[in-house]
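First listed ligand is number 1; within each ligand, the first listed atom is number 1. The first residue of the sequence shown is numbered 1, and numbering continues consecutively from there. The figures that follow rest on heavy atoms only: side chains count, while hydrogens, waters and symmetry mates do not.
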Amino acid sequence: MLAVSCVSQSADDPLTGLAVGEHPDPDVPEGWARVHVKAAALNHHDLWSLKGVGLAADKLPMVLGCDAAGVTDDGREVVVHAVVSTPGWTGDETLDPRRTLLSELYDGTLADTVVVPHTNLLAKPAALSWEEAACLPTAWLTAYRMLFTQSGLRPGDRVLVQGAGGGVATAAIALARAAGFVVWATSRDEDKRTRAVELGAHQAFESGARLPERVDAVIETVGKATWGHSLKALRPGGTVVVSGATTGSDPSADLNRIFFLQLKVVGSTMGTRDELAGLLRLCEATGVRPLVDEVLPLSDARRGFERLAAGDVFGKIVLTP
Ligand SMILES: NC(=O)c1ccc[n+]([C@@H]2O[C@H](COP(=O)([O-])OP(=O)(O)OC[C@H]3O[C@@H](n4cnc5c(N)ncnc54)[C@H](OP(=O)(O)O)[C@@H]3O)[C@@H](O)[C@H]2O)c1
């Protein structure tokens, strides 16, 4: 089958380890199912794997990709949940200390077919296109959990989304608007600020800009470059929910501000199967749809990775076999 794989890793030049070519067809273990991929989406996670973060070198070559929608051997149209928990684990899959994401231990979704446990399959709503459905399991699920499970926000509350152009950030803007929050966003780029407002943000600001008022919660995936601003943006007792650190994971913690203003710092990772089911229903019920920046053939995956690495994306890049 055709697949997009990580064959070597480099922190400085991650795309040197990207290979697009033939890969052995996967076996299907007992209790697992083969999905013929109709669409798969890129995530920053795929770049981290090429940089040597989260993917052990002794697992190479590894097919990349966490997001997919497709058709099973028995003809079911499905969305794939990317969090694989240990057999017998019950409850919140993201709290399983031995959980793994597709493309970390098991081959990922950027291929003609992907093999996953039966329990990782959810029915694809007919109202969503293949490309839209493929965007949901990672960035959109992460944004859903950050907003609706971890932030403590209620309709009418004010939320700031940092780094408006990112996959998680665009999802957070669209979902927060649909949920009735007051949505503010930041971006370094004027064009992205305009597009953030078109997507649903009530106002968009330059990265680091002084805001007219403090916010109840911040959705933080950028990391070191925006962390200080995120803490300063919060009202006393507010919450910063963090699920990523693209620009570095070692900012000044600003502990004085955290304890004096009683701020909450809440980590968040991916989401559960139940949360993915909730996200699918939310998209159906509200008409909210993932923002697809570009659809490329799987064979052109390198171009998508180049755009992701350059930060030249607004929304999601989708690959179709
Ligand atoms: N924990 C989890 O489960 C989980 C799940 C999904 C993602 N993540 C992590 O979350 C992060 C974002 O993921 P993603 O897929 O949304 O990535 P992405 O699409 O590559 O997001 C990149 C965005 O980050 C912002 N950014 C980059 N460098 C910046 C800088 N120097 N200063 C300010 N902003 C900067 C940019 O916003 P502007 O250009 O608009 O300023 C850019 O659009 C990644 O680190 C990823 O690994 C974690």
Side-chain angles (χ1 to χ4, degrees), residues 14 41-55 64-67 81-83 92-96 99-104 135-147 149-150 160-175 184-197 199 201 204-209 218-230 241-249 251 266-272 275-276 279 290-294 304-318:
L42 297 189
N43 287 287
H44 212 97
H45 184 272
D46 304 311
L47 273 179
W48 288 125
S49 300
L50 290 162
K51 287 182 179 179
V53 179
L55 171 60
L64 294 168
C66 302
D67 282 343
H81 183 216
V83 183
D92 186 329
E93 299 92 334
T94 66
L95 298 179
D96 174 0
R99 74 183 183 279
T100 177
L101 277 192
L102 289 176
S103 79
E104 291 175 353
C135 295
L136 297 175
T138 301
W140 276 68
L141 178 60
T142 301
Y144 181 97
R145 181 176 175 91
M146 291 174 86
L147 285 168
T149 306
Q150 308 287 57
L160 176 70
V161 180
Q162 297 279 21
V168 177
T170 50
I173 292 168
L175 290 171
W184 290 354
T186 66
S187 175
R188 297 164 297 172
D189 181 84
E190 191 179 348
D191 182 47
K192 288 187 187 176
R193 291 196 290 274
T194 305
R195 298 182 70 185
V197 170
L199 180 63
F205 305 89
E206 257 182 75
S207 298
V218 180
I219 298 299
E220 172 62 81
T221 59
V222 179
K224 194 169 185 173
T226 52
W227 184 253
H229 183 249
S230 292
V241 187
V242 54
S243 75
T246 304
T247 59
S249 56
V266 178
S268 196
T269 280
M270 294 294 286
T272 64
E275 285 166 335
L276 182 55
L279 171 60
L291 185 70
V292 177
D293 181 300
E294 187 175 16
F305 275 86
E306 283 166 356
R307 291 196 58 207
L308 197 65
D312 160 38
V313 179
F314 195 85
K316 299 292 293 174
I317 293 183
V318 175

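Under the 4.5 Å side-chain criterion, counting only non-hydrogen atoms from C-beta, L101 is in contact with V83. Under the 4.5 Å side-chain criterion, counting only non-hydrogen atoms from C-beta, V168 is not in contact with H44.
Looking only at heavy atoms of the protein, atom 36 (C) of ligand 1 is closest to R188 NH2, 3.4 Å. Summary of contacts: the protein heavy atom closest to atom 18 (P) of ligand 1 is H44 ND1, 3.6 Å.
Taking any N or O of N43, backbone or side chain, none lies under 3.5 Å from an N or O belonging to ligand 1. Between T247 and ligand 1, no N or O atom pair is found at a separation short of 3.5 Å. In terms of polar-atom proximity, D189 is not counted as a contact of ligand 1, lacking any N or O under 3.5 Å from an N or O of the ligand. Any N or O atom pair closer than 3.5 Å counts here, and G244 shares no such pair with ligand 1. Below 3.5 Å of separation, one finds no N or O of A169 facing any N or O of ligand 1.
Checking each of R188, E220, Q162 against T226 for a side-chain hydrogen bond (donor to acceptor under 3.5 Å, both in side chains) leaves exactly one that passes, namely E220.
Considering only non-hydrogen atoms, atom 11 (C) of ligand 1 lies nearest to T246 out of T269, V313, T246. Considering each of S243, A143, G223, the one bringing a non-hydrogen atom nearest atom 1 (N) of ligand 1 is S243. For atom 25 (C) of ligand 1, the candidate residues are L42, I317, V222; the nearest heavy-atom contact is made by V222.
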Problem set entry | Test log, rule side chain to side chain donor-acceptor pair (under 3.5 Å), inputs S243 and R145 | CA-CA 10 Å; S243 75; R145 181 176 175 91; over 6 Å; no

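Look at G271 and you'll find every heavy atom at least 4.0 Å from all atoms of ligand 1. The shortest separation from a heavy atom of A245 to ligand 1 is under 4.0 Å, placing the residue in contact. Residue contacts with ligand 1 leave out A139, since none of its heavy atoms falls under 4.0 Å from the ligand.
Scanning both residues, S187 and K192, for their nearest heavy atoms gives OG-CB, 3.3 Å. S49 and L64 make their closest contact through CB-CD2, 3.6 Å (heavy atoms, listed as atom of the first residue, atom of the second, distance).
Cation-pi contact between K224 and W227: absent, since separation from the ring centre below 6.0 Å together with deviation from the ring axis within 45° is not met.
No donor-acceptor pair under 3.5 Å is formed between the side chain of D96 and the backbone N or O of E93.
In summary, the atoms of ligand 1 found under 4.0 Å from a heavy atom of G166, numbered by their order in the structure, are 16 (O), 18 (P), 19 (O), 21 (O), 22 (C), 23 (C), 43 (O). Residue contact check: A225 has heavy atoms under 4.0 Å from atoms 30 (C), 31 (N), 32 (N) of ligand 1.
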